[in-house]
> 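Right, I'll just put the structure down here and ask away after.
Just so it is clear, the values below take in all heavy atoms, side chains as well, and ignore hydrogens, waters and symmetry mates. Both ligands and their constituent atoms are indexed starting at 1 by order of listing.
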Amino acid sequence: MDIRIAPSLLSADFARLDREVAEIHEAGADLLHLDIMDGHFVPNLTFGPQIIAALAPHARTALDAHLMVTDADALLSPLADCGVSRVAVHVEACTHLNRTLSTIRTLGMIPGVALNPATPASTLEEALNWVDFVLVMSVNPGFGGQSFISASIKKIALIRKMASGRTLDISVDGGVGPGNAEEIVRAGATTLIAGSSVFGQTDRRAAIRKLRALGQKGVSQC
Ligand code: DX5
Ligand code: ZN
């Protein structure tokens, strides 16, 4: 099994986003993680479909949207128009989660559900039937550069157990770096989302290579 590395644009240089987006493909990224924040669901604001549409022609990496917003439904069609590949919505934000996830699929995107650190894995019991991936937040969402919450390891392992017998990507987001990549994968993760430990580094290619090598080491211990 191949571990995927998804650098988060949140830690990129916002003054030169077109080049950042293009260069991360050359550096070996598998997905480009886009953190969309509305200042309501999380106490921060980032970018939305208009900026993503402007950046999409520069990206050669599949676009991975993480919606940290109270009204995810309003963004789905615009994101599909931008060519976004997969979309994670927060279980805490979506009142009609089944409808939102099926809209994502109907629009031709891959649906996923994101969980805050305080949200138990058990909330996924139904939703696991409707998603292709789970995004485990290992920090409280809103900002890059926070420390990994160690209890996330147990949660990843539990979700992997709940998903046994089916194909499920488990993406882990927040505080992921060389110090914990191997352990995160060993617990059952298949995609490592990394902001500071990739875009925050001068040599992004080396940073991605290192994370991938550590991740693959974790796979061999699963
Ligand atoms: C935080 C975002 C993350 C963030 C991760 O709310 O969802 O994707 O960019 O940044 P690091 O890897 O620096 O913790
Ligand atoms: Zn994210």
Side-chain angles (χ1 to χ4, degrees), residues 3-14 17 20-21 24 27 29-48 51-52 55 59 61-70 72 75 79 84-94 104 109-119 131 133-153 155-156 169-185 189-202 204 207-208 210-212 214-215:
I3 291 303
R4 294 189 299 175
I5 310 296
S8 166
L9 196 64
L10 194 61
S11 295
D13 180 351
F14 274 37
L17 281 180
E20 293 284 69
V21 159
I24 207 63
D30 298 297
L31 294 165
L32 176 62
H33 186 76
L34 302 169
D35 289 302
I36 302 177
M37 306 185 188
D38 66 353
H40 292 276
F41 181 65
V42 289
N44 197 4
L45 272 172
T46 53
F47 44 77
I51 288 180
I52 296 172
L55 292 176
T61 313
L63 303 177
D64 177 41
H66 174 193
L67 304 193
M68 286 159 276
V69 301
T70 49
L75 292 174
L79 290 176
V84 164
S85 292
R86 59 173 216 170
V87 178
V89 294
H90 269 264
V91 67
E92 303 86 1
C94 296
I104 295 171
M109 301 181 290
I110 299 167
V113 71
L115 292 186
N116 280 338
T119 305
V131 296
F133 73 105
V134 171
L135 192 159
V136 176
M137 284 307 302
S138 39
V139 298
N140 289 293
F143 305 95
Q146 303 179 77
S147 301
F148 184 84
I149 296 172
S150 57
S152 313
I153 294 291
K155 192 194 275 188
I156 297 161
D169 170 60
I170 300 180
S171 298
V172 179
D173 186 9
V176 175
N180 53 22
E182 187 179 337
E183 187 187 13
I184 291 169
V185 171
T190 37
T191 299
L192 299 173
I193 297 166
S196 343
S197 65
V198 175
F199 271 114
Q201 306 299 309
T202 329
R204 279 87 179 259
I208 290 174
K210 189 166 187 182
L211 279 181
R212 195 187 302 287
L214 288 162

> May I ask you to check whether Leu10 has an N/O atom sitting below 3.5 Å from an N/O atom of ligand 1?
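It does not: no N or O of Leu10 is found under 3.5 Å from an N or O of ligand 1.
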> Look only at interatomic distance and state if Ser197 has a nitrogen or oxygen under 3.5 Å from any nitrogen or oxygen of ligand 1.
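Ser197 vs ligand 1: no N/O contact under 3.5 Å.
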> List the atom of Val113, the atom of Val91, and the distance in Å for their closest heavy-atom pair.
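For Val113 versus Val91, the nearest heavy atoms are CG2-CB, 3.8 Å.
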> If you have a sec, work out which protein heavy atom is nearest atom 9 (O) of ligand 1 and how many Å separate them, to one decimal?
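Nearest neighbour among protein heavy atoms for atom 9 (O) of ligand 1, to 0.1 Å: Ser8 OG, 2.7 Å.
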> Show me which atoms of ligand 1 lie under 4.0 Å from any heavy atom of Pro141.
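Those qualifying, in numeric order: 6 (O).
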> If the cut-off is 4.0 Å to any non-hydrogen atom of Gly174, which atoms of ligand 1 fall inside it?
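So the atoms of ligand 1 that pass are 14 (O).
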> Please name the pair of heavy atoms, one in Phe199 and one in Pro7, separated by the smallest distance, quoted to 0.1 Å.
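Shortest heavy-atom contact: CE1-CB, 3.6 Å.
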> If the Zn ion (ligand 2) is the vertex, what is the angle to OD1 of Asp35 and ND1 of His66, rounded to 10 degrees?
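For OD1 of Asp35 and ND1 of His66, the angle centred on the Zn ion (ligand 2) reads 90°.
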> Could you grab the distance from atom CG of Leu115 to atom OG of Ser152, nearest 0.5 Å is fine?
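The distance works out to 10.5 Å.
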> I'd like to know if the side chain of Asp173 pairs up with that of Ser8 as donor and acceptor (distance under 3.5 Å, no hydrogens or angles considered).
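The criterion, which ignores hydrogens and geometry beyond distance, is not satisfied for Ser8 and Asp173.
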> So if I count the atoms of ligand 1 from 1 in the order they appear, which ones are less than 4.0 Å from some heavy atom of Gly175?
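Close to Gly175: 11 (P), 12 (O), 14 (O).
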> For atom 1 (C) of ligand 1, which protein heavy atom lies nearest, and how many Å away is it?
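For this ligand atom, the closest protein heavy atom is Phe143 O, 3.5 Å.
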> Indicate whether any N or O donor in one side chain lies under 3.5 Å from an N or O acceptor in the other, for His33 and Asp35.
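Asp35 and His33 do have a side-chain donor-acceptor pair below 3.5 Å.
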> I'd like to check whether Asp35 has a polar contact with ligand 1, where a contact means an N/O of the residue lying under 3.5 Å from an N/O of the ligand.
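Checking ligand 1 against Asp35, an N or O pair does fall under 3.5 Å apart.
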> Which of the atoms of ligand 1 are close to His66, meaning less than 4.0 Å from one of its heavy atoms?
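This gives 7 (O) as the contact atoms.
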> Angle at the Zn ion (ligand 2) between OD2 of Asp173 and NE2 of His33, to 10°?
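An angle of 100° at the metal.
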> Please could you name the atoms of ligand 1 that Met68 approaches to less than 4.0 Å, counting only its heavy atoms?
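This gives 6 (O), 7 (O) as the contact atoms.
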> Considering distance alone, does some N or O of Gly142 sit under 3.5 Å from an N or O of ligand 1?
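So ligand 1 has an N or O lying under 3.5 Å from an N or O of Gly142.
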> For a 4.5 angstrom cut-off between non-hydrogen side-chain atoms, does Ile110 reach Val87?
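The answer is no, as the side chains (C-beta and beyond) never meet within the 4.5 Å cut-off.
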> Please state which protein non-hydrogen atom is closest to atom 12 (O) of ligand 1 and give its distance, to 0.1 Å?
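Minimum-distance protein heavy atom for atom 12 (O) of ligand 1 reads Gly195 N, 2.8 Å.
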> For Asp169 and Ser171, which I'm curious about, is there any donor-acceptor pair between the side chains at under 3.5 Å?
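Yes, Ser171 and Asp169 have a side-chain donor paired with an acceptor closer than 3.5 Å.
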> Below 4.0 Å from ligand 1: does a non-hydrogen atom of Ala194 turn up there or not?
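Within the 4.0 Å threshold, so yes.
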> Could you walk me through whether Val198 and Leu211 pass the side chain to side chain contact (heavy atoms under 4.5 Å, CB included) test, one step at a time?
CA-CA 9 Å; Val198 175; Leu211 279 181; 3.8 Å; yes
> Roughly how far apart are His66 NE2 and Arg86 CZ, rounded to 0.5 Å?
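Reported value, rounded in 0.5 Å steps: 10.5 Å.
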> Measuring from atom CZ of Phe133 to atom CG of Leu31, what distance do you get when rounded to the nearest 0.5 angstrom?
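Reported value, rounded in 0.5 Å steps: 9.0 Å.
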> Atom CG of Leu79 and atom CG of Leu34: how far apart are they, to the nearest 0.5 Å?
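Leu79 atom CG to Leu34 atom CG measures 8.5 Å (nearest 0.5 Å).
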> Does Phe148 reach ligand 1, in the sense of a heavy atom lying below 4.0 Å from it?
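Phe148: no contact with ligand 1 (<4.0 Å).
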> Minimum heavy-atom separation for Gly174 and Phe148, please, with both atom names.
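Result for this residue pair: O-CD1, 3.3 Å.
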> Which atoms from ligand 1 have a heavy atom of Gly144 less than 4.0 Å away?
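Matching atoms, with element in brackets: 10 (O), 13 (O).
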> I need the atoms of ligand 1 closer than 4.0 Å to a non-hydrogen atom of His33, numbered in the order shown.
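Per the distance check, 8 (O).
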> Going by the order shown, which atoms of ligand 1 are within less than 4.0 Å of some heavy atom of Asp173?
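Checking each atom against Asp173, I get 2 (C), 3 (C), 4 (C), 5 (C), 7 (O), 8 (O).
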> Tell me the nearest of Ala6, Ser196, Gly200 to atom 11 (P) of ligand 1, using heavy-atom distances.
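Selected option, by shortest heavy-atom distance: Ser196.
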